[in-house]
Amino acid sequence: MSASQAPDTRVDLAGIPLRNPVLTASGTFGYGSEFAPFLDLRRIGGFVAKSLTLKPRFGNPPPRISEAPSGMLNAISLENVGVDAFIDEKLPVIPDGVTVIASLFETEIAGYAAVAERLSEEPRIAGLEVNASCPHVKSGGIEFGQNPKVLAELVRSVRRATSRPLLVKLSPNVTDIGEMARVCEAEGADGISLINAVQGLEVDPETRRPVLSNVLGGLSGPAIRPIALRMVWQASRAVTLPICGIGGIATAADAIKFLLCGATAVQVGTANYLDPAVAGEIVDGIEDYLKRHGIERVSDLVGALEIPPDRRS
Amino acid sequence: MSASQAPDTRVDLAGIPLRNPVLTASGTFGYGSEFAPFLDLRRIGGFVAKSLTLKPRFGNPPPRISEAPSGMLNAISLENVGVDAFIDEKLPVIPDGVTVIASLFETEIAGYAAVAERLSEEPRIAGLEVNASCPHVKSGGIEFGQNPKVLAELVRSVRRATSRPLLVKLSPNVTDIGEMARVCEAEGADGISLINAVQGLEVDPETRRPVLSNVLGGLSGPAIRPIALRMVWQASRAVTLPICGIGGIATAADAIKFLLCGATAVQVGTANYLDPAVAGEIVDGIEDYLKRHGIERVSDLVGALEIPPDRRS
Amino acid sequence: MADPVPIRTDAVVVENRSEGGANRRLRLQVDGWRGFGPGQFVMLSPGSRADVVRSDPLLPRPMAVYRAAPAGAGAVVEILFKVSGRGTGLLADVLPGQRVALVGPLGRSFDLPESGERAILVAGGTGIASVYELAARARANTEVSVLLGARTRDDLMGVEDFESLGVALRLATEDGSAGEQGLVTALLEAELAVDGTARVYVCGPTPMMRRCAEISAARGRPCVVSLENTMACGFGVCLGCAAPLATGGYALVCRDGPMFDAEQVAWEGLP
Amino acid sequence: MADPVPIRTDAVVVENRSEGGANRRLRLQVDGWRGFGPGQFVMLSPGSRADVVRSDPLLPRPMAVYRAAPAGAGAVVEILFKVSGRGTGLLADVLPGQRVALVGPLGRSFDLPESGERAILVAGGTGIASVYELAARARANTEVSVLLGARTRDDLMGVEDFESLGVALRLATEDGSAGEQGLVTALLEAELAVDGTARVYVCGPTPMMRRCAEISAARGRPCVVSLENTMACGFGVCLGCAAPLATGGYALVCRDGPMFDAEQVAWEGLP
Ligand SMILES: Cc1cc2nc3c(=O)[nH]c(=O)nc-3n(C[C@H](O)[C@H](O)[C@H](O)COP(=O)(O)OP(=O)(O)OC[C@H]3O[C@@H](n4cnc5c(N)ncnc54)[C@H](O)[C@@H]3O)c2cc1C
Ligand SMILES: Cc1cc2nc3c(=O)[nH]c(=O)nc-3n(C[C@H](O)[C@H](O)[C@H](O)COP(=O)(O)OP(=O)(O)OC[C@H]3O[C@@H](n4cnc5c(N)ncnc54)[C@H](O)[C@@H]3O)c2cc1C
Ligand SMILES: Cc1cc2nc3c(=O)[nH]c(=O)nc-3n(C[C@H](O)[C@H](O)[C@H](O)COP(=O)(O)O)c2cc1C
Ligand SMILES: Cc1cc2nc3c(=O)[nH]c(=O)nc-3n(C[C@H](O)[C@H](O)[C@H](O)COP(=O)(O)O)c2cc1C
Ligand code: FES
Ligand code: FES
């Protein structure tokens with residue numbers, strides 16, 4: 001590759017063609033247009049909108065967020081405008097050429113399928129991401145993504161409800177992420193996204209109460225990046241499905257680490273709060289890296305981690 | 001309590017009487033005497049020595065450690081002087097009045113039992129802590145503490161091998177920490193310690209290699225504190241066994257959070273590296289807190305987290 | 001007039017000096033600044049200064065725009081803040097020439113009082129920083145009374161600036177070290193005892209705002225409060241800053257506020 | 001003589017100034033300091049300054065004690081360091097009066113050359129900081145040659161200090177901007193071509209140390225190298241700084257080193 005030639009940053013994520021592998025993560029990018037003042041949405045690979053339920057939902061009482069070491073805890077719960085308002089009000093204001101992935105969740109499997117069906121009617125949506133980190137009411141608070149049987153049932157019924165590219169976003173709160181990845185593969189998902197926030201708890205020693213009204217929250221940000229990288233690597237060895245890597249990404253170097261561990265694309269989450277233009281800078285940084293290393297296609301990085309021979313178990 | 005009266009900081013951890021609830025964690029406190037220049041070992045509740053195997057072991061090639069956001073990754077592996085050298089050379093130089101807990105691990109269950117037997121002969125050792133975060137060779141790299149059946153077998157056979165106070169140190173890399181806690185309770189452990197380091201991975205994007213020679217490592221430090229607090233709280237609701245809380249503790253406030261979540265005592269780990277006197281300062285800080293809040297006994301804090309009524313599921 | 005479109009940039013520290021007690025005045029050169037409305041705020045990231053990136057403390061800190069003056073390719077933006085934790089502790093350390101990531105201006109601005117309507121601005125502690133610009137702009141076409149309160153003299157901010165504005169200024173401190181001894185809410189009660197129309201604007205600790213809302217309601221005067229919730233983003237996408245509404249549901253303090261009509265707020269649900 | 005017992009304290013910054021290029025000189029007031037041996041180091045925690053505690057970057061940074069002079073209730077300890085990452089970037093920012101957590105002195109010290117034995121000190125880049133005190137102490141009873149190398153003039157540290165010691169000093173830079181053009185290893189080859197006993201002490205990048213070890217071995221001269229591994233604790237408890245030994249197994253750089261006889265080291269196993 002000549003130094004002047006722009007590297008090819010395109011990737012195909014689970015049947016969704018992306019101009020580059022940098023997406024932004026559900027719940028950290030609103031419904032997209034909030035970022036228009038800061039970032040040309042066409043510069044990034046696309047965005048995953050806030051997870052939708054069938055009906056609008058209010059979410060948890062405050063406090064909903066708390067700072068943590070190199071991270072934050074959140075317990076926003078299900079707050080969203082609902083699938084209809086998303087389609088009627090939010091989607092139309094997204095400029096053409098911006099790739100939109102819709103995220104969905106519910107507290108019962110039937111609900112998921114209904115939201116998926118409704119979203120599948122919408123040509124403007126490039127693909128669906130099933131958020132499996134929601135507590136499954138019937139399993140008494142265990143997340144859908146924490147039980148392989150429940151997860152299988154969930155993926156199966158959403159798969160039946162849609163023929164659109166289908167990503168399943170996995171919970172990191174599991175013993176064996178490879179097992180969950182295999183469930184998704186077996187049930188016909190087109191790809192997996194990981195990781196969602198890690199379950200955590202923060203306490204105020206002065207009031208002796210949990211900081212979050214919900215007691216438990218999800219830990220996100222740089223703190224969880226080593227865990228996310230590990231899980232992406234483990235999942236990439238368990239399945240051939242494309243993987244979208246998520247967790248603590250704040251720089252191009254971070255994104256590249258995920259690609260090397262086997263992710264086809266990445267999602268930037270919490271970092272958007274600190275710097276609403278960061279996703280664009282990560283795109284720039286990846287291009288610089290490719291040029292500097294004389295790599296023609298970003299896809300050449302995917303899974304290119306070099307493991308020392310004696311560790312290739 | 002009058003302001004001048006010193007609060008009672010004594011606790012009983014699984015049959016081990018401690019002058020205060022601040023221990024130091026295995027692998028972060030050497031064999032104790034390394035800290036003598038910095039800290040009066042009698043000031044703290046006690047220490048857990050580096051995990052021992054039957055024979056001395058060398059450990060992994062470098063790099064063994066790497067910095068992470070608000071934490072570090074380590075892959076020291078099994079390096080230790082072996083149980084005999086510990087008893088013959090390390091224990092005798094520990095001053096009287098210092099509470100020593102011995103930690104043990106092996107790659108097979110029979111090995112654990114043998115180390116436990118050898119350690120049980122030693123009156124100077126106040127109790128044993130079984131490190132269940134070691135890869136179980138027969139399960140192909142899964143940790144002992146990741147499989148309830150393997151964990152049950154492990155605890156059962158170590159329980160048979162010793163009548164001394166027995167703590168089981170749990171792996172955090174599981175879906176349901178409560179289940180693992182119940183296994184320990186059912187098999188006759190006297191208490192549980194949690195958490196060990198969280199499995200993570202770090203990559204050098206320039207060399208495209210994992211930073212650690214072992215590829216995977218254990219994430220420790222403040223980054224994991226919200227995860228540890230959550231697991232201690234979950235375990236405390238699952239069992240009545242006393243719990244020793246571990247993970248990212250660096251201040252008295254951190255320690256108190258763990259007590260409130262249900263820990264009877266805590267262990268300070270990575271923070272010892274940054275400040276070898278920190279465990280003593282945590283003891284001081286807890287005393288100050290008790291005085292400031294007019295609390296007579298530190299044990300009154302254990303499990304005293306106030307949960308809002310509508311969240312008491 | 002619509003609020004200006006926010007920008008995101010690395011502001012350069014022009015000055016960072018003590019303002020008495022734990023308070024500091026930070027002056028930032030912000031290139032590309034497009035103006036702001038009274039009551040709007042910026043998010044500052046002292047924990048991830050551009051020259052040495054670090055991730056703890058992680059979240060940016062919301063700070064009211066105290067005032068701004070055109071300068072260079074933008075403006076010098078002034079912030080008055082109190083050192084009260086780790087983020088503000090780091091902010092206290094930044095030196096002239098160093099950079100601080102900034103996003104803003106954010107939030108809605110105060111609606112100015114209608115012409116002829118008297119404006120009573122009540123502010124406590126760091127809330128003082130949120131009302132200076134309102135005082136400066138409102139005095140053009142209305143009578144403005146500013147009531148500032150704090151625990152002690154050192155906790156007051158910007159008193160001289162308010163004095164030079166030429167607005168009616170009254171102070172209250174709990175220890176009597178400046179102005180009247182007592183709570184600023186007592187000053188409000190006295191002000192409202194005078195007849196006539198008046199709109200009350202309040203920014204300060206939640207109990208103070210709630211009390212001001214009660215006092216105003218008792219007199220039938222409209223009251224606007226500027227809430228301070230923990231924020232992660234500041235522009236409506238994390239949903240972290242929710243404040244419960246009297247009518248049920250939540251508003252986002254960063255996007256729908258920070259100012260609300262006092263009767264909109266479900267006070268008992270605020271943390 | 002046994003090395004002094006280490007202490008752990010908050011050192012107070014006395015001075016922090018540029019030393020040319022990315023290099024800086026940090027002078028710390030360390031109360032309770034009990035002295036140190038040449039080649040010993042301290043662990044500094046710039047990421048968790050005592051006034052604003054933060055946990056990123058987390059680990060303390062090992063830094064050689066360049067030199068120390070009694071002062072007040074202890075000593076002023078001098079550190080020469082290069083800004084090369086986040087920890088050293090924060091260290092570059094600390095101001096006089098601010099505090100930096102310090103643990104040390106740690107590690108073994110260099111064995112001084114025997115009387116009459118010539119000492120050749122070879123140092124590259126930041127390794128220069130590790131050999132100044134050795135030069136200062138060894139010159140009392142031996143002939144000392146100091147060979148300093150760096151990429152360019154700006155990367156050299158402390159040259160004037162070495163000059164005022166009155167030791168034989170030769171410089172090499174890769175770009176010829178100071179001293180001879182080329183690698184410092186070439187200077188060593190020239191020095192060893194001269195007959196007589198000599199002990200070689202080396203501190204610098206691993207490839208340079210390895211090459212010096214080979215050159216010395218070829219001439220049958222003893223060679224001591226001071227290794228730089230990533231460290232978490234600095235006092236032998238994390239087992240993170242393991243260096244592979246030629247005889248199998250590992251030594252801890254912080255406890256058993258940082259200096260080792262060159263033939264003890266299994267060079268191919270170093271990261
Ligand atoms: C719209 C708005 C405008 C503000 N304007 C000013 C101002 O002009 N001057 C000023 O001194 N302060 C102002 N504050 C309060 C200021 O944001 C907090 O004092 C500051 O965030 C505390 O950070 P810390 O790192 O010192 O405290 P820490 O205790 O370390 O903070 C921990 C977390 O809690 C949050 N937090 C702590 N206290 C508050 C608070 N009172 N309000 C909101 N979040 C808080 C922090 O942002 C952080 O996320 C404003 C707050 C809001 C919401
Ligand atoms: C015994 C000893 C003495 C030293 N003396 C000096 C000295 O006097 N002056 C000086 O400038 N440097 C010295 N160094 C090297 C210095 O420790 C590193 O340059 C420094 O740790 C880099 O930190 P950073 O935050 O700038 O880099 P980062 O890249 O942010 O560091 C990331 C991690 O890698 C470690 N690391 C990075 N580079 C090195 C290195 N070369 N050696 C060891 N660990 C490293 C850091 O400690 C940290 O844990 C010494 C190292 C050792 C082991
Ligand atoms: C405030 C907040 C809200 C979130 N909401 C959602 C959500 O609605 N759906 C979802 O799938 N993930 C949600 N997430 C998880 C993120 O998409 C992402 O998986 C996680 O934060 C880890 O990435 P990060 O470390 O880059 O933030 C949310 C995260 C945060 C911080
Ligand atoms: C370098 C290092 C070595 C460790 N070695 C052991 C060990 O031998 N046995 C063990 O049970 N835990 C070991 N641990 C885990 C700690 O005891 C502790 O459980 C973990 O680090 C979490 O606590 P922290 O965040 O306070 O460090 C080690 C941790 C570190 C960082
Ligand atoms: S602070 Fe993020 S939505 Fe208000
Ligand atoms: S740095 Fe911890 S053992 Fe050497």
Side-chain angles (χ1 to χ4, degrees), chain A residues 24 27-39 47 49-50 56-80 204 207 209 211-213 217 220-223 225 248 250-251 253 269-278 280-281, chain C residues 3-10 32 34 43-48 50 53-62 85-87 101-106 206 227-245 247-255 266 268-271:
Chain A
T24 49
T28 68
F29 210 71
Y31 302 105
S33 59
E34 296 91 335
F35 283 79
F38 308 111
L39 177 67
F47 73 89
K50 175 78 191 162
R57 300 255 203 170
F58 276 155
N60 284 328
R64 292 177 168 189
I65 56 175
S66 155
E67 205 169 37
S70 290
M72 63 179 281
L73 286 164
N74 87 82
I76 307 301
S77 190
L78 300 166
E79 173 154 341
N80 76 98
D204 180 341
T207 62
R209 296 206 179 128
V211 170
L212 299 177
S213 73
S220 65
R225 195 169 60 227
T251 66
T270 300
N272 293 307
Y273 302 151
L274 319 180
D275 178 356
V278 71
E281 293 195 345
Chain C
D3 288 323
V5 174
I7 61 168
R8 154 271 182 200
T9 187
D10 282 340
R34 301 173 179 145
M43 298 295 283
L44 298 180
S45 291
S48 56
V53 177
R54 48 182 189 249
S55 60
D56 183 66
L58 185 72
L59 299 178
R61 269 42 178 174
R86 298 194 309 145
L102 174 150
V103 177
L106 299 167
T206 303
L227 301 182
E228 288 194 3
N229 266 26
T230 310
M231 295 183 173
C233 71
F235 52 97
V237 297
C238 75
L239 311 183
C241 63
L245 295 176
T247 50
Y250 302 97
L252 295 181
V253 171
C254 72
R255 184 191 64 192
E268 62 292 349
L270 278 179

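In the text below, chain A, chain B and the rest are named by the order of the sequence lines, each starting its count at 1.
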One option among G221(A), G27(A), P69(A), P276(A) has the most heavy-atom pairs under 4.5 Å with chain C, and it is P276(A)

Chain C contact via A223(A) - side chain, backbone, both or neither, heavy atoms under 4.5 Å | neither

Output the option from G269(C), P60(C), P6(C) having the highest count of non-hydrogen pairs under 4.5 Å with chain A.
-> P6(C)

Under a 4.5 Å heavy-atom cut-off, does chain A meet the side chain of R61(C), its backbone, both or neither?
-> side chain

With only heavy atoms counted, which part of P222(A) is less than 4.5 Å from chain C, the side chain, the backbone, both or neither?
-> side chain

Please state whether the rings of F35(A) and F29(A) are parallel, tilted or perpendicular, taking 30° and 60° as the class boundaries.
-> parallel

Does NZ or CZ of R64(A) come closer than 6.0 Å to the centre of the six-membered ring of Y250(C), within 45° of the ring's axis?
-> yes

Pick one of side chain, backbone, both or neither for T251(A), based on which atoms fall under 4.5 Å of a heavy atom in chain C.
-> neither

The interface call for I7(C) against chain A, heavy-atom contacts under 4.5 Å, is backbone

Are side-chain N/O atoms of N60(A) and S213(A) paired as donor and acceptor at under 3.5 Å?
-> no

If you measure from CG on L59(C) to SG on C233(C), what distance do you get to the nearest 0.5 Å?
-> 10.0 Å

Look at atom CZ of R86(C) and say whether more than 12 heavy atoms of other residues, nucleotides or ligands are closer to it than 6.0 Å.
-> yes

Is the shortest side-chain N to carboxylate O distance from E34(A) to R255(C) below 4.0 Å?
-> no

